S.K.: 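Dropping the structure in here first, questions after.
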Amino acid sequence: MASSHHRGRGFFFGQRRDQLGARLLMMLTVIRLSRDYQTDFRINWFPPGAEAPTLDNPAELFSRSFIDRHFIDNDAFADVQDRVAPIWKFLDDPTPDALQTHLEAGGHVLLDEGFDIVAFPWEDAESLRQRFPDLIREIDFDPAVAAQIARIDAVLSGKGGRSVAYHIRRGDILNADPWMHKQWPSKIEPDELYSVHLQKENPDVALVFSDQPESRARFQTAHPAVRGLDEIVQLEGCTVAQRDFLELYAMSRADRIVAPAISAFSRAAALVSGRERMRFVDVLDSAERDAAYEALLARFKTGIDSFVTPSEAAHLYAKLAARLPVQGREEEAWEIGRIVLDSGANNAFVPLLHAVNCLYLKRWDEAKENIERALNDPNLWQESHAAATAIHALILGALGKAVRCHRTYLRAFWQKPFLPDVALVGSFMINRRRLKPDHPLPFSMPVLQAMRVPYMRANMLLVQNKLIRRRAFDFSTIVVEWPYFVMDGKAERVVENAKALQDIHDAVMAAGDESDHEERASYGALVQARMGDVAGALSSHGASLAARPDDPLVIKRQAEILALSGDPEAAVDLIRPLAERSTNQPYWAYLLGYFLREAGQLNAARTAWEDAARIDTTTALIHADLAELCRDLGDVQAAAAALDRAAELAPTQQKFVNRKARYLEKAR
């Protein structure tokens with residue numbers, strides 16, 4: 001494989017851990033980027049944590065010479081990590097100057113996410129899209145794969161008439177850990193939608209592609225004229241990876257591709273073809289889609305024997321669980337939820353969805369039982385766990401358990417503050433004063449009220465207008481206020497993004513009236529300091545401090561600005577009285593320790609952080625930071641104990657368990 005040692009212009013690196021479609025999209029994109037920005041590309045094909053074992057041998061797909069030139073192994077990739085920047089750091093730039101400077105200095109750029117082409121603000125996305133059919137010709141395939149590509153071209157180009165390729169996504173997201181435990185409403189569509197379109201379109205050639213043989217067989221039984229790739233070309237002797245790629249390529253040869261809303265497999269096929277991939281919202285009107293879902297509902301009410309497995313029933317139930325409450329049909333959603341629960345489906349999200357059904361119907365005890373069952377399932381995905389934790393808080397509040405309610409919510413918030421369900425529940429709780437500006441988390445209502453998010457529907461378990469009528473709060477302002485505790489990588493993109501910070505600053509300063517101007521100006525000065533203008537922030541914050549000398553948040557911001565200016569001792573002096581007075585509030589004690597550590601007073605910082613940890617019941621990073629400090633001071637056992645507490649508060653954050661293992665291993 002290619003060497004990672006390069007002293008000239010930096011490369012574009014591509015890396016994905018998921019399935020073939022996403023990897024091919026990544027590969028085509030880094031080829032495009034390398035051509036446009038006069039450099040080379042490297043592919044880290046099977047990185048640590050990759051979840052697609054059938055793809056672990058790139059030689060099944062690509063020629064040896066191509067692999068030797070363009071692929072990089074994990075050890076070589078690790079060697080250049082300190083020179084790699086994620087591509088998102090350049091996606092908001094108005095010009096290519098920063099990107100070009102980074103590459104010219106030998107810095108690399110990593111593409112490891114996304115399901116579409118990458119277009120910078122100075123590029124035209126549609127023009128780029130038109131180039132993708134040619135980009136695949138720049139990949140050197142294994143000779144056997146190349147021969148099959150030629151056969152597919154010859155066979156399908158001679159068929160004539162209108163052809164439609166249908167992608168029925170099932171496979172690993174039904175049958176394999178961990179994928180089966182996450183709901184995929186944008187990846188899985190019911191057979192009924194495909195059938196409605198097939199009858200409406202009546203194509204001359206209809207091909208069906210599915211990663212679930214039973215699903216394909218069921219569809220072909222219902223529609224005998226539909227064929228699969230192995231009825232077009234011979235696939236004997238192909239590996240799983242080769243067959244997957246050839247199916248993707250064959251799909252790209254059809255006149256029209258009809259597929260789920262989110263599918264890297266069909267999206268890659270569409271890009272290779274140069275044609276748009278069609279979703280059901282594009283090819284069926286609302287009445288046709290409604291009829292298909294009514295047919296699915298009727299199928300559920302007869303039991304689940306007509307589904308491939310209880311897991312397929314569970315995933316399609318997720319579609320109905322999102323639709324029926326919007327239509328005021330919560331009882332029917334509850335009924336289908338009971339059918340799926342009783343079927344033996346062991347998908348971790350099923351009791352979570354049913355808890356939401358119970359919440360709408362105010363069946364609080366049943367809701368609590370199901371939400372706790374979901375949270376106790378170790379297979380529940382990280383985002384689902386955060387959403388479930390927020391919904392658990394909502395249920396506890398309805399049951400009158402106020403203290404457990406806000407403590408539970410904060411555990412969700414620190415993990416995923418921008419998750420739609422977390423934002424919605426938090427907005428509801430603030431509106432109902434179950435979360436108050438001074439308890440349990442210090443924040444400013446005038447600042448929070450300055451920013452709201454549009455109405456949320458996508459990627460949600462809850463229906464927004466069943467909880468609040470107006471727009472939810474945008475919690476970016478709290479993330480910028482308290483960046484120390486947020487575990488979500490999206491928070492980093494806010495706190496370290498100058499444009500995002502400027503937008504927050506401008507929105508806060510433009511909101512409200514003179515009565516709360518100094519409160520908002522104080523926050524604005526903190527954002528100004530986080531953007532790098534510390535001297536200006538220190539100057540402008542003086543007026544806020546003079547106007548509100550006893551306001552804890554104003555004092556906190558003054559301390560933070562002082563610390564950013566290089567004077568952590570002054571920050572300690574300001575924060576210490578707050579920490580001494582607020583014996584039930586962990587955040588002031590944490591900040592005291594933070595500034596003490598910045599001042600080099602490590603033992604005193606440890607004492608302050610131990611005080612914060614004794615008080616805290618919600619904030620995993622307080623305990624994780626204490627662990628790091630204890631490790632630095634040589635007390636590995638105390639560090640391990642602190643990481644145990646962090647893992648208890650954020651059980652889906654495997655990094656705390658891993659960090660403890662590393663600490664103990666090095667201490668041997």
Side-chain angles (χ1 to χ4, degrees), residues 19-21 23-25 28 54-55 60-62 132-134 136-137 139-172 189 191 193-195 197-260 263-280 283 308:
Q19 299 295 333
L20 179 64
R23 292 175 192 234
L24 184 61
L25 280 171
L28 295 174
T54 60
L55 297 174
E60 292 181 1
L61 296 173
F62 310 106
F132 271 72
D134 294 328
I136 198 167
R137 307 301 175 191
I139 299 174
D140 292 332
F141 290 101
D142 170 78
V145 173
Q148 288 282 37
I149 288 173
R151 292 188 191 103
I152 291 169
D153 283 338
V155 171
L156 291 182
S157 64
K159 283 293 177 184
R162 292 175 300 108
S163 59
V164 175
Y166 295 101
H167 182 209
I168 303 178
R169 180 72 166 94
R170 297 290 187 268
D172 57 327
E189 300 285 14
D191 286 2
L193 282 170
Y194 294 93
S195 293
H197 181 263
L198 183 61
Q199 292 160 3
K200 175 182 179 179
E201 187 80 1
N202 191 26
D204 298 294
V205 178
L207 297 170
V208 60
F209 300 90
S210 181
D211 44 13
Q212 179 87 29
E214 298 90 340
S215 180
R216 186 188 117 182
R218 180 181 62 196
F219 192 70
Q220 288 184 278
T221 297
H223 304 284
V226 174
R227 285 173 287 173
L229 179 61
D230 54 3
E231 298 170 71
I232 302 295
V233 295
Q234 297 299 313
L235 296 176
E236 288 85 354
C238 290
T239 67
V240 173
Q242 289 171 337
R243 181 180 181 122
D244 284 350
F245 172 75
L246 292 170
E247 288 201 338
L248 186 153
Y249 185 79
M251 187 185 296
S252 77
R253 301 299 90 191
D255 296 320
R256 176 173 283 191
I257 300 170
V258 178
S263 164
F265 191 88
S266 56
R267 188 177 291 276
L271 281 172
V272 171
S273 74
R275 289 181 287 274
E276 283 292 324
R277 178 191 61 112
M278 309 303 289
R279 305 161 300 163
F280 285 109
V283 296
V308 173

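Keep in mind it's a predicted model, so treat the numbers as computed, not measured.
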S.K.: Could you give the distance from OG (S263) to CD (Q19), rounded to the nearest 0.5 Å?
M.R.: 11.0 Å
S.K.: Can you confirm whether R162 sits close enough to E201 that some side-chain heavy atom of one is under 4.5 Å from a side-chain heavy atom of the other?
M.R.: yes
S.K.: Run the numbers on L235 and Q148 for side-chain contact (heavy atoms from CB on, under 4.5 Å), then give the verdict.
M.R.: CA-CA 9 Å; L235 296 176; Q148 288 282 37; 4.1 Å; yes
S.K.: With side chains defined as the heavy atoms from C-beta onward, is the minimum distance between L61 and Q242 less than 4.5 Å?
M.R.: yes
S.K.: To the nearest 0.5 Å, how far apart are CD in E247 and CG in L207?
M.R.: 10.0 Å
S.K.: So does D255 get a backbone contact from the side chain of S163, meaning a donor-acceptor N/O pair under 3.5 Å?
M.R.: yes
S.K.: Compute the ring centroids of F245 and F141, then answer whether they are less than 6.0 Å apart.
M.R.: yes
S.K.: side-chain contact (heavy atoms from CB on, under 4.5 Å) for F265 and R169? Distances and angles first, verdict last.
M.R.: CA-CA 9 Å; F265 191 88; R169 180 72 166 94; 5.9 Å; no
S.K.: side-chain hydrogen bond (donor to acceptor under 3.5 Å, both in side chains) for Y194 and H223? Distances and angles first, verdict last.
M.R.: CA-CA 10 Å; Y194 294 93; H223 304 284; over 6 Å; no
S.K.: Can you give me the closest heavy-atom contact between E60 and T239, atom names plus distance?
M.R.: OE1-OG1, 2.9 Å
S.K.: Between R218 and E214, is there a side-chain N and carboxylate O pair less than 4.0 Å apart?
M.R.: no
S.K.: Mind listing the closest non-hydrogen atom pair of I168 and S215 along with its distance?
M.R.: CG2-OG, 3.4 Å
S.K.: On a heavy-atom basis, which atom in R275 and which in S252 lie closest, and how many Å separate them?
M.R.: NH2-O, 3.1 Å
S.K.: I need the minimum non-hydrogen distance between V164 and A254, along with the two atoms involved.
M.R.: C-CB, 4.3 Å
S.K.: With the side chain counted from C-beta on, respond yes when I232 and R227 share a heavy-atom pair under 4.5 Å apart, and no when they do not.
M.R.: yes
S.K.: What distance separates L24 CG from Y249 OH, expressed to the nearest 0.5 Å?
M.R.: 11.5 Å
S.K.: Might you point out which heavy atoms bring A250 and L229 nearest each other, and give the distance in Å?
M.R.: CB-CD1, 3.6 Å
S.K.: Keeping Q220 on the side-chain end and A217 on the backbone end, is there a donor-acceptor pair under 3.5 Å?
M.R.: no
S.K.: Show the numbers, then the answer: is there a side-chain contact (heavy atoms from CB on, under 4.5 Å) between V145 and F62?
M.R.: CA-CA 8 Å; V145 173; F62 310 106; over 6 Å; no
S.K.: Kindly indicate whether the side chain of P203, heavy atoms from C-beta on, has any atom under 4.5 Å from the side chain of L198.
M.R.: yes
S.K.: Between atom OH of Y166 and atom CZ of R256, what is the distance when rounded to the nearest 0.5 Å?
M.R.: 9.0 Å
S.K.: What is the distance from atom CZ of R170 to atom CZ of R216, rounded to the nearest 0.5 Å?
M.R.: 14.5 Å
S.K.: Check whether any side-chain heavy atom of S195 lies under 4.5 Å from a side-chain heavy atom of F219, and answer yes or no.
M.R.: yes
S.K.: How long is the gap from CG on L246 to CG on D230, to the nearest 0.5 Å?
M.R.: 11.5 Å
S.K.: Less than 4.0 Å between a side-chain N and a carboxylate O, is that true for D244 and R23?
M.R.: no
S.K.: Between L28 and I136, is there a side-chain heavy-atom distance shorter than 4.5 Å?
M.R.: yes
S.K.: Could you walk me through whether D153 and R253 pass side-chain contact (heavy atoms from CB on, under 4.5 Å), step by step?
M.R.: CA-CA 7 Å; D153 283 338; R253 301 299 90 191; 3.3 Å; yes
S.K.: Looking at every heavy atom in both G171 and Q212, which two are closest together, and how far apart are they?
M.R.: N-OE1, 3.5 Å
